There are 2 protein chains.
Amino acid sequence: MLSKKTKYGLKALTYLASQDKQSPIQIAEIAKHENISQKFLESILLTLRRNGFLGSKKGKGGGYYLIKEPKDIPMTAIMRILEGPIAMVPCVSLNFYEKCDDCPDENLCSVHNLMLKIRDSALSVYRNTTLEDLIQMQTG
Amino acid sequence: MLSKKTKYGLKALTYLASQDKQSPIQIAEIAKHENISQKFLESILLTLRRNGFLGSKKGKGGGYYLIKEPKDIPMTAIMRILEGPIAMVPCVSLNFYEKCDDCPDENLCSVHNLMLKIRDSALSVYRNTTLEDLIQMQTG
DNA sequence: TATTATCCTATAGATTTAATAGGTTATACA
DNA sequence: TGTATAACCTATTAAATCTATAGGATAATA
């Protein structure tokens with residue numbers, strides 16, 4: 001299951017990316033528009049800022065804004081920050097690898113090899129999809 | 001994340017499918033061979049039996065055995081029973097569809113459309129992989 | 001009738017997720 | 001300079017889910 005955190009984060013990023021003006025957008029506006037708990041969204045946007053996706057400005061007229069061009073933000077990066085590993089098991093994860101406690105030999109593990117395929121299939125989607133593509137999907 | 005339940009279930013099925021003899025295999029043997037808690041595995045095999053994948057026999061010489069040919073058991077079926085929906089969000093699920101509370105229009109939701117692609121990519125793997133293929137993967 | 005092994009329900013413990021609380025800090029502007 | 005605004009930050013709670021275990025009931029074998 002995709003976590004609400006990731007879902008809301010993606011929606012917020014899409015909303016920010018689809019704005020014409022480059023002035024900051026308030027959390028409250030995004031939360032209202034996307035039907036998200038404002039406090040929860042607050043913590044999500046904070047994470048995205050700390051990881052270099054968003055900039056922010058405090059006080060009146062403040063809010064959040066994208067730091068990079070939507071076309072330069074691949075889904076792989078966003079997913080890894082919000083959702084964690086793209087792989088379904090740590091033993092096939094590129095960025096979060098961990099050996100299984102059971103399983104003496106990964107190469108002989110049927111689950112390992114199946115999940116390798118699943119990982120690759122997901123990667124091929126995420127690697128070829130940027131935030132800009134997400135906006136396209138939205139409108140068409 | 002793939003649940004332990006699914007992981008263990010897949011390992012058990014692979015183990016059963018890779019046996020030469022057609023006599024029942026005891027839970028204890030599978031659990032030992034695959035380093036799985038026997039009681040936990042018990043409940044998993046029970047689920048698989050109730051869903052028509054396994055047959056069982058009680059008493060001495062009893063155990064579990066496959067009902068169908070490994071080549072006739074697609075991963076889609078196993079995953080849906082053990083792990084639940086293949087889709088990461090209910091709104092793109094073929095077998096477990098649910099509308100999102102937020103989201104007035106699915107077609108305009110970027111998350112929806114992204115997860116549609118992810119679902120399709122996973123489906124293409126699961127649909128083209130049977131239990132027999134899992135054994136092949138196992139041996140290299 | 002004793003032994004074996006599955007069957008079945010309930011429940012406990014652990015972990016993760018989702019959301020809230022409550023205040024702090026920085027900025028704008030009158 | 002003071003007030004309103006809006007992000008910043010940590011901690012905590014509430015709910016859900018996952019993992020595992022307990023303890024006996026049932027059926028088959030010999």
Side-chain angles (χ1 to χ4, degrees), chain A residues 1-12 16 23-32 34-67 81-85 88-90 96 98 100-102, chain B residues 1-12 16 23-32 34-67 81-85 88-90 96 98 100-102:
Chain A
M1 274 285 285
L2 193 76
S3 67
K4 301 265 186 185
K5 182 181 170 187
T6 303
K7 184 183 179 186
Y8 295 161
L10 285 171
K11 284 194 167 194
L16 285 173
S23 60
I25 311 288
Q26 288 88 23
I27 298 174
E29 179 182 335
I30 306 172
K32 190 179 176 188
E34 301 294 339
N35 298 309
I36 306 172
S37 146
Q38 181 167 338
K39 270 291 189 182
F40 191 22
L41 180 59
E42 199 179 308
S43 68
I44 297 168
L45 295 184
L46 205 54
T47 301
L48 289 170
R49 197 214 58 184
R50 284 172 174 162
N51 283 280
F53 293 99
L54 299 178
S56 65
K57 199 182 164 190
K58 289 185 179 179
K60 187 164 189 179
Y64 282 96
Y65 51 91
L66 282 175
I67 281 184
I81 293 302
L82 293 177
E83 190 73 5
M88 291 186 79
V89 283
F96 302 82
E98 261 180 68
C100 294
D101 293 333
D102 52 322
Chain B
M1 274 285 284
L2 193 76
S3 67
K4 302 264 185 187
K5 182 180 171 187
T6 303
K7 184 183 180 186
Y8 296 161
L10 285 171
K11 284 194 168 196
L16 285 172
S23 61
I25 312 288
Q26 288 88 23
I27 298 175
E29 179 182 333
I30 306 173
K32 190 180 175 188
E34 300 294 339
N35 298 308
I36 305 172
S37 147
Q38 181 167 338
K39 270 293 189 180
F40 192 22
L41 181 59
E42 199 178 308
S43 67
I44 296 167
L45 295 183
L46 205 55
T47 300
L48 288 170
R49 197 215 57 182
R50 285 173 173 161
N51 283 280
F53 293 98
L54 299 178
S56 66
K57 198 182 164 190
K58 289 183 179 178
K60 188 165 189 177
Y64 281 97
Y65 51 90
L66 282 174
I67 282 184
I81 293 301
L82 294 177
E83 190 73 6
M88 292 186 77
V89 283
F96 303 82
E98 261 179 69
C100 293
D101 293 333
D102 52 322

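Here is the naming used below: chain letters follow the sequence lines, and residue numbers restart at 1 for every chain. What you are looking at is a predicted structure, and each value in this text was computed from that prediction instead of being measured. All heavy atoms count here, side chains included; hydrogens, waters and symmetry mates do not.
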Send over the distance from [X] [atom1] to [N] [atom2], rounded to a whole Å.
| X | N | atom1 | atom2 | result |
| --- | --- | --- | --- | --- |
| A:K60 | C:dA30 | NZ | C1' | 9 Å |
| B:I44 | C:dC8 | CD1 | P | 16 Å |
| B:L16 | C:dT6 | CG | C1' | 14 Å |
| A:Y65 | D:dA6 | OH | C1' | 14 Å |
| B:N35 | D:dA20 | CG | P | 12 Å |

Shortest non-hydrogen contact between A:I36 and A:L41, atoms and distance: CG2-CB, 3.9 Å
Can you tell me how far apart [atom1] ([X]) and [atom2] ([Y]) are? Round to the nearest 0.5 Å.
| X | Y | atom1 | atom2 | result |
| --- | --- | --- | --- | --- |
| A:Q26 | A:L45 | CD | CG | 12.0 Å |
| A:I25 | A:S23 | CD1 | OG | 5.5 Å |
| B:I67 | B:R49 | CD1 | CZ | 9.0 Å |
| A:E29 | A:Y64 | CD | OH | 14.5 Å |

Is a side-chain N or O of B:Q38 found less than 3.5 angstrom from the main chain of B:I27, in a donor-acceptor match? no
Give the B/S/- string for nucleotides 7-19 of chain D, one per nucleotide from 5' to 3', where a protein heavy atom under 4.0 Å of the base yields B, of only the sugar-phosphate yields S, and otherwise -. SBBS--------S
